[in-house]
A.B. asks: 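After the structure tokens below, expect a handful of questions from me.
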Amino acid sequence: MDAPARRPWGLLLAVLLAAACEQAPPAGRLLVTSGFTDQVFVLDASTGTVLDSLSMDRRPGERDEPHGVAVAPDGLHWYATLSHGEPTLWKFESEGNRLVGRVTLPTTGASRVRLSPDGTLAAVPDYWRAGYGEPGRVAIVRTDDLTVVGTPEVCAAPHDAVFSPDGDRIAVTCAQGAGVVILGAPAFVPSARNDLFADPEARPRPMNATWTDDGQRLLVSLMGRGSIADIDLSTGEWTEIPSGANPAQIEMTGDGGWIVAANRGDRSLSLLPMNGGEPRTITIPGAHPHGVALGPGAAVAYVTYEGDVNTPGGVVAVDIESGSILWHTPLGSYTLGVAYLGG
């Protein structure tokens with residue numbers, strides 16, 4: 001009788017350990033906006049399979065550009081912006097993705113939508129790139145009945161307006177300026193300004209922001225400089241963290257361990273450690289990475305890329321710990337916003 005073949009137990013063990021270290025994408029759904037096809041796609045967050053698509057085409061034959069998307073803290077509703085024509089905030093029920101309301105905003109454009117921690121307010125900045133440096137506004141909208149309760153004037157081409165963890169402040173990035181404007185509660189009018197660069201020729205292009213959990217620091221992507229500004233709001237001092245080329249959206253993992261930055265200029269995703277360690281760069285299989293959303297915990301990042309004239313946009317799921325791409329789904333064109341929707 002022949003001797004039994006020897007099994008490569010060492011190799012098998014290594015494969016099993018590697019698989020154990022790689023996070024499986026969480027169950028749930030993803031919402032992804034496609035600016036050139038006027039759609040919001042609904043994907044299975046664990047596999048990238050397209051489950052549904054919703055039309056936001058108010059002007060057939062024109063590009064209205066669905067841009068930002070956000071999910072309410074209780075998960076019962078989600079919101080999306082329409083940028084062109086009549087800038088609009090749309091409200092959907094999460095169960096069945098049924099449209100339950102929309103409001104035309106008193107602004108020239110609309111980019112991202114951000115929700116207060118309790119979900120009662122939405123902030124939508126007027127990203128008016130053709131405004132010749134004229135100050136833009138942020139529309140503050142009550143989410144229960146979609147009433148516009150304020151439109152504070154802030155700075156040229158505001159792109160992001162993100163609530164602090166306690167909901168008492170909104171940080172507004174000034175894409176055609178040199179810094180950020182802080183809006184203070186209860187009226188949410190400008191209460192502070194931080195110009196990161198005195199030289200107007202520096203063109204840092206602050207685009208998107210995220211707060212640290214303690215509300216003491218603000219992280220801002222500087223698209224014009226290939227870096228992230230880490231601002232201490234108590235002192236106004238800040239440090240510059242190198243990222244990839246033209247960082248767009250950024251998020252911080254729930255454990256505060258990583259900054260996740262989509263680098264529009266070099267097809268990459270940066271994972272920047274906040275507590276020591278080496279930064280990492282992941283190549284994204286598509287042109288112009290744009291949006292970032294995080295799944296539950298600090299395990300998986302979902303990254304959209306816009307595409308270009310020859311290729312579609314799409315979305316990838318990235319394991320933050322290993323840096324591996326878990327799935328990749330091409331879809332739409334000029335793919336921008338992304339949000340994780342549980343269930």
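Sequence positions, counted from 1, serve as the residue numbers for this chain.
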A.B. asks: Is a side-chain donor or acceptor of D319 paired with a backbone partner of S324 at a separation under 3.5 angstrom?
C.D. replies: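 Checked: no pair found.
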A.B. asks: If only atom types and distance count, is the side chain of S191 paired as donor or acceptor with the main-chain N or O of I182 below 3.5 Å?
C.D. replies: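 Yes; judged by distance alone, with no hydrogens or angles, the pair exists.
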A.B. asks: Run through V318, I320, L326 and flag the one making a side-chain contact (heavy atoms from CB on, under 4.5 Å) with V300.
C.D. replies: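 It is L326, the one option of V318, I320, L326 that forms the side-chain contact (heavy atoms from CB on, under 4.5 Å) with V300.
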A.B. asks: Below 4.5 Å, heavy atoms only, C-beta onward: do T151 and I140 meet side chain to side chain?
C.D. replies: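 A side-chain contact is absent here, since even the closest heavy-atom pair is not under 4.5 Å.
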A.B. asks: Which of parallel (below 30°), tilted (30 to 60°) and perpendicular (above 60°) describes Y79 and H77?
C.D. replies: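 If you compare the ring of Y79 with that of H77, the planes turn out tilted.
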A.B. asks: Would a 4.5 Å heavy-atom cut-off, applied to side chains only, mark T173 and M223 as touching?
C.D. replies: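 The answer is no, as the side chains (C-beta and beyond) never meet within the 4.5 Å cut-off.
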A.B. asks: Do P285 and I325 touch side chain to side chain, with heavy atoms closer than 4.5 Å?
C.D. replies: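 The answer is yes; the side chains approach within 4.5 Å.
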A.B. asks: For the residue pair L31 and T33, establish whether any side-chain heavy-atom pair is separated by less than 4.5 Å.
C.D. replies: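 Heavy-atom side-chain distance check fails, nothing below 4.5 Å.
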A.B. asks: Can you check whether A339's main-chain N or O pairs, donor with acceptor, with W78's side chain at less than 3.5 Å?
C.D. replies: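 Here the side-chain-to-backbone pair does not exist.
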A.B. asks: Determine whether a donor-acceptor pair (N or O, by modelled atom type, separation under 3.5 Å) exists between the side chain of T235 and the backbone of E237.
C.D. replies: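 Yes, because the side chain of T235 sits within donor-acceptor range (under 3.5 Å) of the backbone of E237.
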A.B. asks: Ion pair present between D230 and R217, side-chain N to carboxylate O less than 4.0 angstrom?
C.D. replies: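 R217 and D230: salt-bridged.
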A.B. asks: So how far is it from M56 CE to S34 OG, rounded to the nearest 0.5 Å?
C.D. replies: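 These two atoms lie 11.5 Å from each other.
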A.B. asks: Find the distance between OG (S164) and CG (D213) and round it off to the nearest 0.5 Å.
C.D. replies: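 Those atoms lie 11.5 Å apart.
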A.B. asks: Kindly compute the distance separating CD1 (I241) from CG (L219), expressed to the nearest 0.5 Å.
C.D. replies: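 Output value for this atom pair is 6.0 Å.
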A.B. asks: Is there a donor in the side chain of S55 and an acceptor in the side chain of D57, or the other way round, less than 3.5 Å apart?
C.D. replies: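 No pair is found: no donor N or O on one side chain lies under 3.5 Å from an acceptor on the other.
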A.B. asks: Cation over ring, R280 on W258, under 6.0 Å and within 45°?
C.D. replies: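 Yes, R280 lies over the aromatic ring of W258.
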A.B. asks: For T107, which residues count as a side chain to side chain donor-acceptor pair (under 3.5 Å) partner, sequence neighbours excluded?
C.D. replies: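 For T107 there are no side chain to side chain donor-acceptor pair (under 3.5 Å) partners, ignoring immediate neighbours.
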A.B. asks: Please answer whether the main-chain N or O of D64 pairs with a side-chain N or O of D38 as donor and acceptor at a distance below 3.5 Å.
C.D. replies: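 Yes; judged by distance alone, with no hydrogens or angles, the pair exists.
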A.B. asks: Run H67 and H159 through ring-ring contact (aromatic ring centres under 6.0 Å, His included) and show every step you take.
C.D. replies: CA-CA 11 Å; H67 192 119; H159 184 266; 5.8 Å; yes
A.B. asks: Take V138 and V124, measure what side chain to side chain contact (heavy atoms under 4.5 Å, CB included) needs, and give me the verdict at the end.
C.D. replies: CA-CA 6 Å; V138 175; V124 182; 5.9 Å; no
A.B. asks: Examine V180 and L196 and state if one hydrophobic cluster contains both, with Ile, Leu, Val, Met, Phe, Trp and Tyr joined whenever side-chain heavy atoms are less than 4.5 Å apart.
C.D. replies: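 Looking at the clustering, L196 is in the same group as V180.
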A.B. asks: Quick check: closest heavy atoms across N246 and G265, and the distance to 0.1 Å?
C.D. replies: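 That closest heavy-atom pairing would be OD1-CA, 3.3 Å.
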A.B. asks: For the side chain of S53 and the backbone of F41, is there at least one donor-acceptor N/O pair under 3.5 Å apart?
C.D. replies: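 No.
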A.B. asks: Could you tell me the separation between the CD atom of E86 and the NE2 atom of H84, rounded to the nearest 0.5 Å?
C.D. replies: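 Here the rounded value is 14.0 Å.
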A.B. asks: Look only at the side chain of S268 and the backbone of I282, and say whether a donor-acceptor pair between them is shorter than 3.5 Å.
C.D. replies: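 Judged by distance alone, no pair lies under 3.5 Å.
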A.B. asks: Classify the side-chain pair N263/S243 by whether it contains a donor and acceptor separated by less than 3.5 Å.
C.D. replies: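 Distance-only check passes for N263 and S243.
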A.B. asks: With heavy-atom distances below 4.5 Å as the criterion, would you say the side chains of L341 and L30 are in contact?
C.D. replies: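 With C-beta onward as the side chain, the pair stays apart.
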A.B. asks: Taking the six-membered ring of F163 as reference, does the cationic atom of R114 (NZ for Lys, CZ for Arg) lie under 6.0 Å from its centre and within 45° of its axis?
C.D. replies: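 Not flagged: R114 not positioned over aromatic ring of F163.
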A.B. asks: Please check if the side chain of S333 supplies one atom and the backbone of T37 the other of a donor-acceptor pair under 3.5 Å.
C.D. replies: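 Here the side-chain-to-backbone pair does not exist.
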A.B. asks: Can you name the ring-ring contact (aromatic ring centres under 6.0 Å, His included) partners of Y340, sequence neighbours left out?
C.D. replies: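 Residues passing ring-ring contact (aromatic ring centres under 6.0 Å, His included) with Y340: none at all.
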A.B. asks: I need the minimum non-hydrogen distance between L43 and G48, along with the two atoms involved.
C.D. replies: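 Closest heavy-atom pair between L43 and G48: CD2-O, 3.6 Å.
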A.B. asks: Check whether S227 reaches the backbone of L222 with its side chain - one donor and one acceptor, N or O, closer than 3.5 Å.
C.D. replies: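 Answer holds: no.
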A.B. asks: Transitively linked via ILVMFWY side-chain contacts under 4.5 Å: L121 with V148?
C.D. replies: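 No, L121 does not connect to V148 through the hydrophobic network.
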A.B. asks: Determine the minimum heavy-atom distance between V292 and A262, stating which atoms define it.
C.D. replies: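 Shortest heavy-atom separation between V292 and A262 comes out as CG2-CB, 3.7 Å.
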A.B. asks: How long is the straight-line distance from NE2 of H288 back to CG of D308, given to the nearest 0.5 Å?
C.D. replies: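 The CG atom of D308 sits 5.5 Å away from the NE2 atom of H288.
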A.B. asks: Looking only at non-hydrogen atoms, find the nearest pair between G224 and R205 and report the distance.
C.D. replies: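 Shortest heavy-atom separation between G224 and R205 comes out as N-CB, 3.7 Å.
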A.B. asks: Would W238 and N194 satisfy side chain to side chain donor-acceptor pair (under 3.5 Å), going step by step from the backbone distance to the final call?
C.D. replies: CA-CA 10 Å; W238 63 283; N194 189 311; 5.2 Å; no
A.B. asks: Can you list the steps and then say if V50 with T329 is a side chain to side chain contact (heavy atoms under 4.5 Å, CB included)?
C.D. replies: CA-CA 8 Å; V50 177; T329 302; 4.2 Å; yes
A.B. asks: Treating Ile, Leu, Val, Met, Phe, Trp and Tyr as nodes and any side-chain heavy-atom pair under 4.5 angstrom as an edge, say whether Y334 and V40 lie in one connected cluster.
C.D. replies: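 No; V40 is not reachable from Y334 via cluster members.
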A.B. asks: Should V220 and I228 be regarded as members of a common hydrophobic cluster, given that ILVMFWY residues are connected when their side-chain heavy atoms come within less than 4.5 Å of each other, either directly or indirectly?
C.D. replies: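 Different hydrophobic clusters.
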A.B. asks: Report the C-alpha separation of L233 and W211 in whole Å, then their side-chain angles, then the decisive distance to 0.1 Å, and conclude whether the side chain to side chain contact (heavy atoms under 4.5 Å, CB included) test is met.
C.D. replies: CA-CA 10 Å; L233 293 175; W211 296 78; 3.2 Å; yes
A.B. asks: Holding to side chain to side chain donor-acceptor pair (under 3.5 Å), I want the full list of residues that pass it with E306, two or more places apart in sequence or in another chain.
C.D. replies: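 Applying side chain to side chain donor-acceptor pair (under 3.5 Å) to E306 gives R264, H290.
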A.B. asks: Looking only at non-hydrogen atoms, find the nearest pair between L183 and P152 and report the distance.
C.D. replies: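 Reported closest heavy-atom pair: CD1-CG, 3.9 Å.
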A.B. asks: State, with a plain yes or no, whether a side-chain heavy atom of V103 is found less than 4.5 Å away from one of T88.
C.D. replies: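 A side-chain contact under 4.5 Å is absent here.
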A.B. asks: Check V338 against Y302 and note the closest heavy-atom contact, atom names and distance.
C.D. replies: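 Minimum heavy-atom contact is CG1-O, 3.9 Å.
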A.B. asks: Using the side chain to side chain contact (heavy atoms under 4.5 Å, CB included) rule, take L146 and K91 through it: C-alpha gap first, then chi angles, then the decisive distance, then the call.
C.D. replies: CA-CA 8 Å; L146 298 182; K91 179 180 180 179; 4.1 Å; yes
A.B. asks: With a 4.5 Å limit on heavy-atom distance, are the side chains of D44 and W327 in contact?
C.D. replies: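 No; the side chains remain at least 4.5 Å from each other.
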A.B. asks: Is R112 salt-bridged to D160, cutoff N-O under 4.0 Å?
C.D. replies: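 Answer for the salt bridge query: yes.
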A.B. asks: Any sub-3.5 Å donor-acceptor pair from T47's side-chain atoms to T49's backbone N or O?
C.D. replies: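 Confirmed, T47 side chain pairs with T49 backbone.
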A.B. asks: Just so I know, are the side chains of P26 and S46 near enough to count as touching, which here means a heavy-atom distance under 4.5 Å?
C.D. replies: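 With C-beta onward as the side chain, the pair stays apart.
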A.B. asks: If two hydrophobic side chains count as joined below 4.5 Å and joins carry through other members, does L271 share a cluster with V303?
C.D. replies: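 Linked within one cluster.
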A.B. asks: Pick one: which of T253, L272, I250, T210 meets side-chain contact (heavy atoms from CB on, under 4.5 Å) with V260?
C.D. replies: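 So, applying the side-chain contact (heavy atoms from CB on, under 4.5 Å) to V260 and each of T253, L272, I250, T210, only T253 qualifies.
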A.B. asks: Rounded to the nearest 0.5 Å, what's the gap from CD1 on I170 to OG on S116? Could you check?
C.D. replies: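 Rounded to the nearest 0.5 Å, the CD1-OG separation comes to 8.5 Å.
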